Amino acid sequence: MNRYNPLAIEKKWQQIWEDSDAFKAEENSEKPKKFLAEMFPYPSGAGLHVGHVRNFTIIDVLARFYAQKGFNVLRPFGYDTFGLPAENYAIKTGVSPKIATDTNVKNFRNQLKKLGYAIDWNREINTSSPEYYKWTQWCFLQLYKKGLAYQKESYQWWCPVDQTVLANEQVENGHCWRCGSEVEKKKMKQWFFKITAYADELLEDVDSLDWPEKIKTMQKNWIGKSTGAEIDFETTSEKITVFTTRPDTIYGATFLVLAPEHPLIKDLVTDKTREKVEEYCKDAIKKSEIERQENKEKTGVFTGSFAINPATKEKIPIWVADYVLMGYGTGAIMAVPAGDDRDREFAEKFDLPIVEITKTPETPFGTPKTTYRMRDWLISRQRYWGCPIPIAYDSDGDPHPIPEDQLPVIIPEVEDFKPDNTGRSALAKATDWLKVDLLNEKTGKIETMTRETDTLDGYACSSWYLWRYASPHCATAAWDEKAINYWEPLDIYCGGDHAVAHLLYVRFWCKFFADEGKLPFREPITKLLYNGYINAPDGKKMSKSKGNVIDPLDVINDGYGADTLRTYEMFIGPYDQDAAWNPRSVGGVYRFLNRCWTLVFGDVAGVSGEIVSSPSASAGYGRGSAGATPATAGGRDLRPTERAIDRKRAMHRVIKKVTDDIERAAFNTAISSLMEYVNELYKAGSTEEDLITLGKLLKPFAPHLASEMLEQLGADDAWPTYDEKYLVEDLIELVVQVNGKLRAKLSVPAEVLDDENEVIKLASSDSNVQKFTNNHIKKTIYIKKAKLINLVV
RNA sequence: GGGCGAAUGGCGGAAUUGGUAGACGCGCCAGACUCAAAAUCUAGUUCUCGCAAGAGAGUGUGGGUUCGAUUCCCACUUCGCCCACCA
């Protein structure tokens, strides 16, 4: 007898798909399109992990499902290849990030092919390839032209020993992650994207998205809109503008507080307070966010100056405290200790007056103002392995865009990837590359300028890749208009990360390019599936250091094969919940696929009439022939025609269930209904139609095995349809309750359900029911849809 | 501190709109096959009582609405995630 040999089957079909370019997508106005993608991965040296497999398989199941349903499906793939790990690896080993990245991409590609994904390999993209980042730079220039990419001084972490800027995550408890020395904040010129220009629209449009509520809420909170007013407070020399959401509480404002970074502090200090205030500000600015979080004890100093409360006309002191943030509102508040817990705590600590609010102003004060928690997006990175910012500086230090026809600004080759002691990335070491002759519009002359050595945040590269997928090889534009019009926007996106950052940035760029007339839609992603993590069998996060990592390639090579791995990860639980890996359940899914295989290929003799196989009945095992074993369903002995009717009903039922479940992303229950169907076929026997249907329904999950089954049966993979008329049962199980408690289940002909009097008669005459009613029924509640009657006594 | 979500057998989970709680899988148990084991097939498996028919209890805890609540409402407990001195 043949045995299910997944590795052989999978190799065969992967070769066939490769040779036939099976998943090549082309625009075709005859067919409805479906464009699906997962969040493209950073190809780490460790290769695929089981979390990737879950994420990619969700999209693959949907892609194959819609293709089988007759949609024109685009299912591309790409790699998010810029990033710190490749650069650190280069610093350590001297191997260039480009070479290391190429190796990792190759490894990823091989592994993806072993999983049988229906990827259009003609559309593979890679953010660190010059053909791609040329257009990332073009995007930057479009934003720059409209003033949405701009430079601003901002405080950055700085390691005085390594002489380099550090990202937030490279600062551990106020110390440099590499050398351990204490870091400081340094004011540096940085590039920003003005995402706040779209804050309102980004917020308003969230509601219209077919995205998980969790993500929508997170985005709303992140944008953090609050409406209030700006109010001016006069001092002897200056005017201080505060932001408040409660201008009505102004009669209780007994002091002002400025953020330590506030520019007016230097003008407000007196000779007596100057030293103390300056020291406080210096310390506060240096504090890491972590320290500010850990130590919520209020601190602050008095500036020595006073302001006039415009409502009470009273003189109130001006303080500096780090609980006021420069980045929000105006960096200055009016403190109302009677109305605000933080202000009260501060007032109590420093013995400042607390005045109950007895009055509200008759006319609204100040200027109505809306503020957002969201800040502009800082995009400068002092790193080598990123997309160079296409800017050069003239001798005055003013920026000039690199003309579009000179793109891409290629990352120069360097020997040493360590940042130098100027706070610039290793790009600064490419001295030839650094110089560029450009027209200076100010002077009208060609001038040798110095290139920007900052690179772009990797999120910039991933902010437009979904549009590149439509025309990945277009050499004349970032995206081809015709291709965009056909494929976009993305119908379904799937990932388990970046709830705010990436998913907000793509929306921002989409709105910007829509305003530029470059995109015909204002939201890039129609439906979002946000998948949960897969944890180790003990429920803990998988990590190399804990040694509890499951390698998906090991699962395949252990003999289970890709079909088992894919199907298991879809069966593991609801796709949006975290799940723990269970090796035994993997075996259970393998058993299920093995049973599918046996139905078609098992060494099974044909039995009566049209029945092709019934392994349980025909396996022999000394129980006589299959024909001698009566098939039963629901405890009833069935004659062949009844058996055929039941089988037909089971088939139409499973088609409906699997179709509905895939459409609502309930992959786990889709698979359990396939398991039920297979169990049914083992009991009742199967026809060729049953097996073809099984193969078609199974294909999105286990495409290799299903292809093998369908080939054997001589069938195509067109998605089957169900007929409502076969779903109707002729014998119905009527549920009878007494006072809401189940007392009987009666098997009645379906027509009976239409006759309520008949239902009541049947229900109330059941002997077990009568034990509880004593023939004293006060009220009957009949729910036809639920096939249920409740007798109230 | 704020926001969101979750809690169901020994385990993962199902119950789509207020209508039979526990589908499906794992595990366990018994049987068939085998010299034996594995694999495979078949039957059983929420708990308590009962040979059975059946009865009682039961979806984190306590209340409520309802003929009927895993589902809706209120309070609480625990866990998870996100944000966090945002004026």
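Every chain is numbered from 1 and lettered A, B, ... according to where its sequence line falls, protein lines coming before strand lines. Source: prediction; values computed, not measured.
Aromatic rings from Phe302(A) and Phe350(A) are positioned such that their centres are separated by 6.0 Å or more.
At a threshold of 4.0 angstrom between heavy atoms, the contacts of Ser226(A) are confined to the sugar-phosphate backbone, with no base atom among them. Within 4.0 Å of Arg584(A), counting heavy atoms only, lie sugar-phosphate atoms of the nucleic acid but no base atom. In this structure, Lys220(A) reaches neither bases nor backbone, as no heavy-atom distance under 4.0 Å exists between it and the strands shown. Residue contacts for Asn679(A): at a heavy-atom cut-off of 4.0 Å it reaches the sugar-phosphate backbone alone, with no base atom in range. Residue contacts for Glu733(A): at a heavy-atom cut-off of 4.0 Å it reaches a base atom on one of the strands shown.
More than 12 heavy atoms of other residues, nucleotides or ligands lie within 6.0 Å of NZ in Lys216(A), so this atom counts as buried by the packing criterion. Under a cut-off of 6.0 angstrom, the local environment of CG in Asp341(A) is sparse, with at most 12 non-hydrogen atoms contributed by other residues, nucleotides or ligands.
Both the sub-6.0 Å distance and the 45° axial angle are satisfied by Arg595(A) relative to the ring of Tyr682(A). Geometric assessment of Arg566(A) against the ring of Phe701(A) yields a negative cation-pi assignment under the 6.0 Å and 45° thresholds. For the pair Lys298(A) and Tyr323(A), the cation sits on the ring face: its NZ or CZ lies under 6.0 Å from the ring centre, inside 45° of the axis. Cation-pi check for Lys741(A) over Phe772(A) is not met; the charged atom does not lie both under 6.0 angstrom from the ring centroid and within 45 degrees of its normal.
G9(B) takes the syn form, because its glycosidic angle lies no more than 90° either side of 0.
Nearer the 5' end of RNA chain B, as judged by each residue's closest nucleotide, is the contact made by Asn221(A), out of Asn221(A) and Tyr328(A).
The listed nucleotides are G25(B), C83(B), A43(B); the one nearest the side chain of Trp222(A) is C83(B). Here the side chain of Arg591(A) is nearest to one of A87(B), C67(B), C26(B), namely C26(B). Taking only side-chain atoms of Arg664(A), from C-beta outward, the nucleotide of A15(B), U20(B), G25(B) with the closest atom is A15(B). Considering only the side chain of Val735(A), U20(B) comes nearest among C26(B), C67(B), U20(B).
When rounded to the nearest whole Å, the span between CG of Asp576(A) and P of G80(B) equals 19 Å. Atom P of nucleotide U20(B) and atom OH of Tyr782(A) are separated by 15 Å, given to the nearest angstrom. When rounded to the nearest whole Å, the span between CD1 of Ile671(A) and C1' of G25(B) equals 11 Å. G5(B) atom P lies 13 Å from atom CD1 of Ile215(A), rounded to whole Å. As rounded to whole Å, 15 Å separates atom P of C82(B) from atom CG of Leu503(A).
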Kindly give the atom pairs (protein nitrogen or oxygen, nucleotide nitrogen or oxygen) under 3.5 Å for nucleotides 17-19 of chain B.
none

Between the protein and nucleotides 9-13 of chain B, which nitrogen or oxygen pairs come in under 3.5 angstrom?
| from | atom 1 | to | atom 2 | distance (Å) |
| --- | --- | --- | --- | --- |
| G12(B) | O2' | Ile572(A) | O | 3.4 |

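If you check the side chains of Tyr560(A) and Thr567(A), you find no donor sitting under 3.5 Å from an acceptor. Residues Tyr505(A) and His498(A) have side chains that never bring a donor and an acceptor to within less than 3.5 angstrom of each other. Between the side chains of Tyr372(A) and Asp200(A), at least one donor N or O lies within less than 3.5 Å of an accepting N or O. In this model, a donor atom of one side chain and an acceptor atom of the other lie less than 3.5 Å apart for Thr241(A) and Asp232(A). Looking only at atom types and distance, the side chain of Tyr677(A) has a donor-acceptor partner in the side chain of Asp690(A) under 3.5 Å away.
With both ends at atom C1', the span from A15(B) to G22(B) equals 9 Å, rounded to whole Å. Comparing the same atom, P, in G54(B) and in G44(B) gives a spacing of 16 Å after rounding to whole Å. The P atoms of A57(B) and U70(B) are separated by 13 Å, rounded to the nearest whole Å.
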| remark: Readout for nucleotides 50-60 of chain B: B = base within 4.0 Å of protein heavy atom, S = sugar-phosphate only, - = neither; 5' to 3' it is ----SSSS---

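One donor-acceptor pair, N or O on each side, does fall under 3.5 Å between the base of C85(B) and the side chain of Lys298(A).
Taking both residues in full, the closest heavy atoms of Glu261(A) and Ile285(A) are given as CG-CG1, 3.8 Å, listed atom of the first, atom of the second, then distance.
One finds no side-chain N or O of Ser673(A) lying less than 4.0 angstrom from the OP1 or OP2 phosphate oxygen of C24(B). A sub-4.0 Å separation between OP1 or OP2 of C85(B) and a side-chain N or O of Arg344(A) is absent.
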